[in-house]
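A short worksheet on the structure shown next.
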Amino acid sequence: MPLPRPPFDPELEMARRTLLAGIPSSITPDMVQASRSRVAGSAVPVERLIAGRPIGVRHAEARGLATEPDVTLSVLRRHDAPQGAPVVYFMHGGGFLFGDRFSQIELVLDWIERLGVVVVTVEYRLAPENPHPAPIEDCYAGLLWTEQNAREIGGNPDFLVVAGVSGGGGLAAGLALLARDRGGPQLAGQLLMCPMLDDRNNSVSAQQFTGVGMWDQVSNATAWAALLGSEQGTDSVSPYAAPARATDLSGLPGAFVDCGSTETFRDEDVDYATRLWGAGVQAELHVWPGAFHGFDTFLPGAALSVDARRARESWLRRLITG
């Protein structure tokens, strides 16, 4: 018998049943290539996204760690931004399976324009062709480049915030753990938007939203298996891959964590914020009532989406102004 679940927000539910009806709730391994094609086909070039905004973009290559390949990065900043601006290091979503460094980039463009931050976005390798630790090591290589080149791109190497959405939110949380454990770079904060944190995929919310919503328990299982292979669900899973596995959250930078009340990641995200508080780390948590996964990307004009984006920007503004 299916578990009872809280209802979707009426505005979002109407769109889910109409505008988003063609997007499957469940993605199985045989659907990954088609999903990649769908995501790539719907992508808007970054040049069009920033057209009419006072924002420029440049591209760079970070040296890969050890024998790993180099990592492509893009830097976005205001044309008139002063030197020494805060830097946001961004990781896109897509469940480790699809997307590129410009996926969901519209989530951060207002931060560049209104807060004056420099955004660096990273092209990490995707699973299953490149399982863990490839994605997180790519992200770490790019973070090192960002610290080392911060002044050259107009940023402040002493004010680095990691940010990510969905699978990229999980990578951002993992990167905060990795930077702590490797002795740097020092981070000022972590902004985790509906982050994907727990490979065990067995929470109440994961069970409530199987077969419904934008990313269900089946899709989640597909993605974690692609990233972790046979290790998925075992005691050997690295916390840098699945940050919910971390037993020590002390010494991490302050966090913003959000999710929807009607999505798979709800319970793992709430638990992560709770454990950050328990470790003495400041965290701000928002659970958007009736919001499904990725709601503010799919429907940026919805009332809940506007509130969510405003809350993230407010947290970042307060972090910047101290």
Side-chain angles (χ1 to χ4, degrees), residues 19-20 22-24 27 31-51 53 55 57-60 62 71-76 88-112 117-130 134-136 138-139 142-143 146 161-175 190-197 213-215 219-220 222-223 226-227 258-260 263-265 291-301 305 308-309 312:
L19 299 175
L20 306 178
I23 301 177
I27 297 174
M31 298 167 64
V32 169
Q33 292 302 326
S35 296
R36 284 179 173 175
S37 297
R38 175 177 55 79
V39 170
S42 64
V44 178
V46 68
E47 291 80 10
R48 195 191 312 173
L49 289 172
I50 63 175
R53 289 179 178 257
I55 297 173
V57 60
R58 54 166 284 195
H59 312 292
V71 179
T72 300
L73 305 164
S74 290
V75 181
L76 297 99
V88 174
Y89 184 72
F90 178 72
M91 283 141 281
H92 71 84
F96 317 119
L97 296 170
F98 34 79
D100 62 28
R101 67 189 183 279
F102 298 120
S103 299
Q104 303 98 33
I105 198 68
E106 65 274 11
L107 292 173
V108 306
L109 294 180
D110 284 345
W111 306 346
I112 300 170
V117 302
V118 176
V119 168
V120 179
T121 182
V122 57
E123 190 78 34
Y124 58 84
R125 286 170 289 172
L126 300 176
E129 296 86 350
N130 302 283
I136 192 69
D138 287 350
C139 291
L143 182 65
T146 300
V161 176
V162 292
V165 56
S166 190
L171 286 168
L175 194 56
Q190 49 181 325
L191 205 166
L192 313 178
M193 297 171 272
C194 55
M196 181 176 175
L197 301 172
M214 291 295 107
W215 183 269
S219 299
N220 214 28
T222 296
L227 184 71
D258 75 354
C259 59
E263 72 161 299
T264 300
F265 299 147
F292 53 73
H293 187 65
F295 69 102
D296 59 311
T297 299
F298 291 116
L299 300 161
S305 301
R309 293 191 180 201
R312 296 168 192 153

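With values rounded to the nearest 0.5 angstrom, L126 atom CG is found 10.5 Å from F96 atom CZ. Atoms CG and CZ, on L76 and R101 in that order, are 9.5 Å from each other to the nearest 0.5 Å. Taking CE from M31 and OG from S219, the interatomic distance works out to 7.5 Å, rounded to the nearest 0.5 Å. To the nearest 0.5 Å, atoms CG (L97) and CD1 (I27) are separated by 7.5 Å. Here S166 contributes atom OG and W215 contributes atom CH2; the two are 6.5 Å apart, rounded to the nearest 0.5 Å. Note: Q190 CD to L175 CG = 9.5 Å, rounded to the nearest 0.5 Å.
Taking the six-membered ring for Trp and the full ring otherwise, the centers of F265 and H293 sit less than 6.0 Å from each other.
Of the possible donor and acceptor atoms, none in the side chain of N130 sits under 3.5 Å from a partner among the backbone N and O of R125. No donor-acceptor pair under 3.5 Å is formed between the side chain of R309 and the backbone N or O of P300. Remark: side-chain polar atoms of S305 are not paired, donor with acceptor, to backbone N or O of G301 under 3.5 angstrom. Side-chain N or O atoms of Y124 include one that pairs as donor or acceptor with a backbone N or O of H92 at under 3.5 Å.
In plain terms, the two heavy atoms of A163 and A172 that are nearest each other are C-CB, 3.9 Å. The two residues G169 and P195 come nearest to each other via the heavy atoms C-CB, 3.7 Å. In this structure, L192 and A173 approach most closely via the heavy-atom pair CD2-N, 3.7 Å.
With salt bridges taken as basic N to acidic carboxylate O contacts below 4.0 Å, none links R36 and D100.
Looking at V32 and T222, their side chains come closer than 4.5 Å, going by heavy atoms from C-beta outward. Side-chain contact between I50 and V57: present, with at least one pair of heavy atoms (C-beta onward) separated by less than 4.5 Å. Within the 4.5 Å cutoff, the side chain of V165 has heavy atoms near those of the C194 side chain. Using a 4.5 Å heavy-atom threshold, the side chains of M214 and F295 count as separate.
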